[in-house]
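Here, residue 1 is the first one in the sequence, and each next residue gets the next number. For ligands, and for the atoms within them, numbers begin at 1 and follow the listed sequence.
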Amino acid sequence: MGTGPSRLKSEILARERGKYPVFFFDFDGTLARIEETPGKVKFRPVARSIVEELARNYTVGIISGRALPEIKKLVGIRGIFYSGNHGVEIEGPGIRFVEKKSAGSVKFIDSLDARIRKRLKRYGAIIQPKKYSIAVHYRTVEPRLVRGLLDDLEAITGPALKAGKIKLQPGKKVVEIKAPVEWDKGKAVEKILRKTGRHGRVFFFGDDMTDEYGFQKVNEMKGVSVFIGSPERQTTAGYSLDSPAALIGELARFLFEAE
Ligand SMILES: [Mg+2]
């Protein structure tokens with residue numbers, strides 16, 4: 001895998017005349033450090049001001065696994081594209097979208113919430129309802145209890161899974177219960193780009209499994225995919241940076257350093 005700050009900068013600057021790059025970012029683990037619970041994650045003011053500056057000059061989209069209202073609030077930058085639930089909901093200049101099958105599954109997903117909560121709370125898991133999905137975070141669960149938690153989750157969701165009413169999606173210390181739909185961050189990238197029209201290179205920055213769809217999409221478009229963190233698994237990203245802080249540093253260099 002290629003890596004390195006100078007390469008990234010030259011990729012950003014290698015834009016075609018008159019066409020500007022577009023930047024897509026995941027949030028948790030990409031623009032902000034992962035904390036023990038999702039509630040503790042903060043967008044540092046320095047990081048925010050740098051992404052804000054980027055957005056003044058270029059198209060920026062934040063594509064997160066969090067629910068849309070939550071990610072908008074956490075990021076707090078106006079006039080950019082936001083996508084929640086890993087691409088299922090999108091909002092931004094000229095677009096307001098919810099993937100159809102997910103919209104139709106809200107009631108059913110909600111009906112699972114109480115049962116999941118009741119059965120899994122005792123493990124110390126954090127259950128996050130996100131309208132179109134439910135996230136079960138187990139970073140706070142004692143390692144020896146994780147197996148039992150996942151078995152219980154499987155028991156609760158088994159019938160609905162078999163009936164094709166939901167699917168499970170794993171991530172970093174999280175399992176999400178969502179509509180059984182082939183919709184992902186890559187599709188959200190496509191949808192947003194249709195709104196922005198003419199554009200140059202497309203960048204996608206992410207750290208987790210669902211970001212691979214974003215990486216693949218921009219790779220297809222000869223864009224630039226960047227993995228944030230130390231890869232503990234296979235990734236399709238073409239580049240990597242060590243941490244959210246390293247990414248913010250790169251963006252700052254790109255924006256503020258004269259050639
Ligand atoms: Mg992430």
Side-chain angles (χ1 to χ4, degrees), residues 1 3 8 23-44 47-48 50-51 54 60-77 80-90 125-130 132-140 168-178 183-189 192 202-219 223-251:
M1 177 166 32
T3 188
L8 180 63
F23 297 90
F24 291 104
F25 302 93
D26 165 55
F27 183 71
D28 294 82
T30 298
L31 287 175
R33 226 176 53 193
I34 288 179
E35 304 288 351
E36 202 192 6
T37 67
K40 284 184 183 157
V41 173
K42 295 227 157 56
F43 199 17
R44 290 172 54 218
R48 178 180 290 114
I50 284 164
V51 175
L54 188 72
V60 168
I62 309 285
I63 305 186
S64 168
R66 291 182 187 254
L68 188 62
E70 200 187 324
I71 189 63
K72 278 175 72 182
K73 198 171 161 209
L74 249 174
V75 173
I77 300 174
I80 64 173
F81 291 94
Y82 286 99
S83 176
N85 271 290
H86 305 286
V88 161
E89 31 179 5
I90 303 172
I126 292 170
I127 320 288
Q128 220 181 11
K130 301 191 295 181
Y132 304 105
S133 66
I134 300 168
V136 178
H137 294 270
Y138 55 88
R139 193 172 295 275
T140 48
L168 299 183
Q169 177 177 277
K172 281 183 177 172
K173 309 268 184 199
V174 63
V175 180
E176 303 192 47
I177 298 110
K178 56 184 282 184
W183 189 267
D184 54 52
K185 290 192 177 190
K187 299 242 168 66
V189 163
I192 293 171
V202 182
F203 289 71
F204 193 100
F205 302 86
D207 75 307
D208 208 344
M209 292 173 211
T210 65
D211 296 315
E212 293 294 331
Y213 296 102
F215 296 153
Q216 283 158 22
K217 181 56 67 187
V218 304
N219 290 347
V224 181
S225 51
V226 186
F227 180 91
I228 310 300
S230 41
E232 53 221 13
R233 58 179 171 82
Q234 287 280 88
T235 175
T236 52
Y239 295 85
S240 72
L241 288 167
D242 287 344
S243 61
L247 167 59
I248 295 301
E250 274 314 303
L251 294 174

Val174 vs Gln128 side-chain heavy atoms within contact, under 4.5 Å: no

Under 2.8 Å from the Mg ion (ligand 1), the protein N, O or S atoms, given as residue and atom: Asp26 OD2, Asp28 O, Asp207 OD1

Close aromatic pair by centroid cut-off 6.0 Å: Phe24 and Phe81: no

Closest non-hydrogen atom pair between Lys178 and Gln169, with its separation: NZ-OE1, 3.0 Å

Among Lys185, Gln216, His86, the one residue meeting side-chain hydrogen bond (donor to acceptor under 3.5 Å, both in side chains) with Asp211: Lys185

Plane angle bin for Phe23 and Phe205 - parallel if under 30°, tilted between 30 and 60°, otherwise perpendicular: parallel

Lys172 and Asp207 ion-paired at < 4.0 Å: yes

